[in-house]
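Report on the structure given below.
Hydrogens, waters and symmetry mates are skipped; everything else that's a heavy atom, side chains included, is used. Each chain gets a letter, A, B and so on, in the order the sequences are listed, and its residues count up from 1.
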Amino acid sequence: MINQIGNYSLYISLIASFYLIFQSSILIRNNFKYLDSKIFSVLSIQLLMVLISFFSLIFGFVNSDFSNETVYNNSHSTKPLFYKISGSWGNHEGSLLLWLLVLVIFLFIFLINSKKLSTKYRLLTVMFQEIIIIGFLFFILFTSNPFSSIFPIPKEGMGLNPILQDPALAIHPPILYFGYVGTSIIFSSSLSALVCGSINKIWAEHIKNWIIISWVLLSIGIMLGSIWAYYELGWGGFWFWDPVENVSLMPWFCLTALLHSVIVLEKRNLFHSWIIILSITTFLLSMSGTFLVRSGILNSIHTFANDPSRGVFILCFLFFLILLALFIFFIFHKKNSTSSSNFYLLSRETSILVNNWFMMFFLSVVLIGTIYPIFLEVINGSKISIGPPFYQKLIGLFLIPFLLFMAIGPNLKWIKSNFNKINLNQLVILIISLLISYLLVRFYGSTFVLAIPLFALGFFLFILTIKDFFFKDSKLSKKISHFGFSLFILSILFNGVFSKEFSSNMKVGDERVFMNKIIKFENIKIIEKSNYKSLLAEFIIIDNQDIINLKPEVRIYNQPKTLTSEADIASTIYSDNFLVFNVIKDDGYYNVRYQYKPLMMWIWFSIILISTGGILGYLKK
Amino acid sequence: MYGKKVKLRAFFILLIFLSLILIAFLAIKSLEENVVYFKSPTDLKNLSELDSKKIRVGGMVKENSIITNESEINFIITDFKNELIVSFNGSIPNLFEEGKGVVAEGFLKDRSYLKAVKILAKHDENYMPPEVSEALKDNKQ
């Protein structure tokens, strides 16, 4: 019953989509001055229908309605309520329904918030957005319907993969999707602005809000996924260059570039075509992200369930959108003759352009690393993987000039700046930073070749961004975000360079010595829980006077039958002590991994700071 | 001669061009160094010469083959045709088990012995890395 409601409301919203495209094309042709009230009401109906459909899926999950195939495949009656609810978007079908919901919500918000802009522009945006919505509706209804039923009705579900039963991962997909889908509005409205010929300061101010919102949500979404991978997968680290992680990072680079260049459009009325290209690319990258993850092309830890026909569909849809965007771009693109007349080499504009270049470079590195294995397999069938050193080397090397430009660039003036602006002060700070980093690396020791220059520029940026807080020349939001970024760079450097790791096979009562620390395996006991059995180990780490108690766990789930390791992490503001263990075989040995991770907390904190800057920029206009 | 604008533009184009070449060069060089090839135990048997580069080997962990001591885990990867002995000092993933799929990354010491630096196993009990299932399929034929 509820399944049918969910299913039919999707069909109704499909009809609403076609109606909206039809109606807005009529209105555009007749040059209407005002937005037809029909548009707004039909969109409200569509939103309502998608909401109903989404909630009926959640209802199915909460009630463990196993006549629904999605619920059967991904839920179990003994699962805690919280994970029943989050399980509804933890799977392929449900996550697409969430994509759709966010697409419609954002269009609705767009229509409410854009009253000051021209009717033609608003209608065109509705049209483009509805084309995307139709694509997703088709995809959901015909290749991955969350409401398909099974008969006879099974008594019990298959259960949710236990590693997904985690609070961070419950909210990670929605937030990430809000970020991804926010770029759809940027895509639709930049195409409409192109058609209307209204790429100007007013449009820049308007679209900037969407860029900031998507950027903030995407940043937080990526961070949540990263935190989850840190403690749940037991890899102990914050980034693994896993293809699926990379796929979410690519639109982030693009969006960051857009966030900066749109300011140039707003202030100086430059970079028109570049901004359009970036907007289109950002959305297409978000879409391909969904495609790559869901099609199962990527060989990654995230490939849960996949089906080739889905991949083909998204690929076709992706090509359609690329063609549409290119078509519109070449038809309506006009050379703006007023710009670039006063573009000087040493100016804020140039520094933002340089930022964009670097973003594009980082993007290409990640793209090559992610796509190349797929490419090679198609070409000659050999199977390869590309390890983290590839990324570390290329990105690390280019981080040096990037950080230097980031430190100096924001202090340049718009239009034209003079060389004497680069003053002695900065030079002194640079020398001090070099000295600090030299001593640091000398004292603690590091085999990483780039450690000294990277640390030096990290400190340089750090000091300069702190110094910026005492001048009233630019926005607080920028200062916070840039400061957050310098903190981020420093923490990942400390973390990457000075992390220590130790693994061993231990029996109960064993002791190991590592880096002047004694790791002691005290005890292990079995605890029965409602939906899993837990092996709880007790370790103590004696570090000079400090004694750290760590209780990592191995959980044995029955539905589906899976083992997961729960790492225990003792976090302080200086460092994380990370301990995880695993069962090897029934011979008394346990595989133990201990990690010392300096400044881990600061990585998460700095990402929050960066995002806070974005939120402030949105609020203070 | 040429206006300032033209010169500036030419400079920019040159700069972009140079950086593109540099990037392409670095990327290709770095790719060559960091590519890890995937092989099955049978592939290794047929190898004409041993490579000193890092490789990945996939297959099943042979039943009753895991032997653990304080510092190492030793086991055998099989594709039901050929076998490879692996010794490993490090941390193993959750689903490392006898009779399950596994991917070991490391350096070959000879055709039937791998010193692993990393062990990968996927986190779904029904899941088999595509490489493994393909390698197994190839060998059953």
Inset, instruction - Provide the closest heavy-atom pair for B/Ala27 versus A/Ile368 in the form atom of the first, atom of the second, distance. - result: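 Looking at all heavy atoms of both residues, the shortest contact is CB-CD1, 4.3 Å.
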
Inset, instruction - Heavy atoms only: give me the nearest A/Ser504-B/Glu70 pair and the separation to one decimal. - result: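 Heavy-atom minimum between the residues: OG-O, 3.3 Å.
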
Legend entry - Check: B/Pro93 main-chain N/O paired with A/Asn582 side-chain donor or acceptor under 3.5 Å: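 At least one qualifying donor-acceptor pair exists.
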
Inset, instruction - Would you check if the side chain of B/Asn34 reaches a backbone N or O of A/Pro388 as a donor-acceptor pair within less than 3.5 Å? - result: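 The answer is no, because no donor-acceptor pair under 3.5 Å joins these two groups.
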
With a 4.5 angstrom heavy-atom cut-off, is it the side chain or the backbone of [X] that approaches chain A, or both, or neither?
X       : value
B/Glu33 : side chain
B/Phe11 : side chain
B/Glu98 : side chain
B/Thr68 : both
B/Leu22 : side chain
B/Ile67 : neither

Is [X] in contact with chain B via its backbone, its side chain, both, or neither, using a 4.5 Å heavy-atom distance?
X        : result
A/Phe398 : side chain
A/Phe390 : both
A/Val583 : backbone
A/Tyr372 : side chain

Legend entry - Distance in Å, B/Leu20 CG paired with A/Phe361 CZ, rounded so as to fall on 0.5 Å steps: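 These two atoms lie 10.5 Å from each other.
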
Inset, instruction - Kindly compute the distance separating OG (B/Ser91) from CD (A/Gln595), expressed to the nearest 0.5 Å. - result: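 The OG atom of B/Ser91 sits 7.5 Å away from the CD atom of A/Gln595.
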
Taking atom [atom1] as the centre, does [X] end up with more than 12 heavy-atom neighbours from other residues, nucleotides or ligands that are less than 6.0 angstrom away?
X        : atom1 : result
A/Phe514 : CZ    : yes
B/Lys53  : NZ    : yes
B/Lys45  : NZ    : yes

Inset, instruction - Name the option with the most non-hydrogen atom pairs under 4.5 Å to chain B; the candidates are A/Leu376, A/Ile386, A/Ile584, A/Val592. - result: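 Top option by heavy-atom pairs under 4.5 Å: A/Ile584.
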
Legend entry - Among the listed options A/Gly369, A/Ser364, A/Pro373, A/Ser385, the residue most often paired with chain B at heavy-atom distances under 4.5 Å: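 Among A/Gly369, A/Ser364, A/Pro373, A/Ser385, the one with the most close pairs to chain B is A/Ser385.
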
Inset, instruction - Output the option from B/Asn89, B/Ile73, B/Val35, B/Leu31 having the highest count of non-hydrogen pairs under 4.5 Å with chain A. - result: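 Most pairs with chain A among the choices: B/Leu31.
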
Inset, instruction - Check whether any side-chain heavy atom of A/Asn591 sits under 4.5 Å from a side-chain heavy atom of B/Phe96, and report yes or no. - result: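 No. Closest side-chain heavy atoms not under 4.5 Å.
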
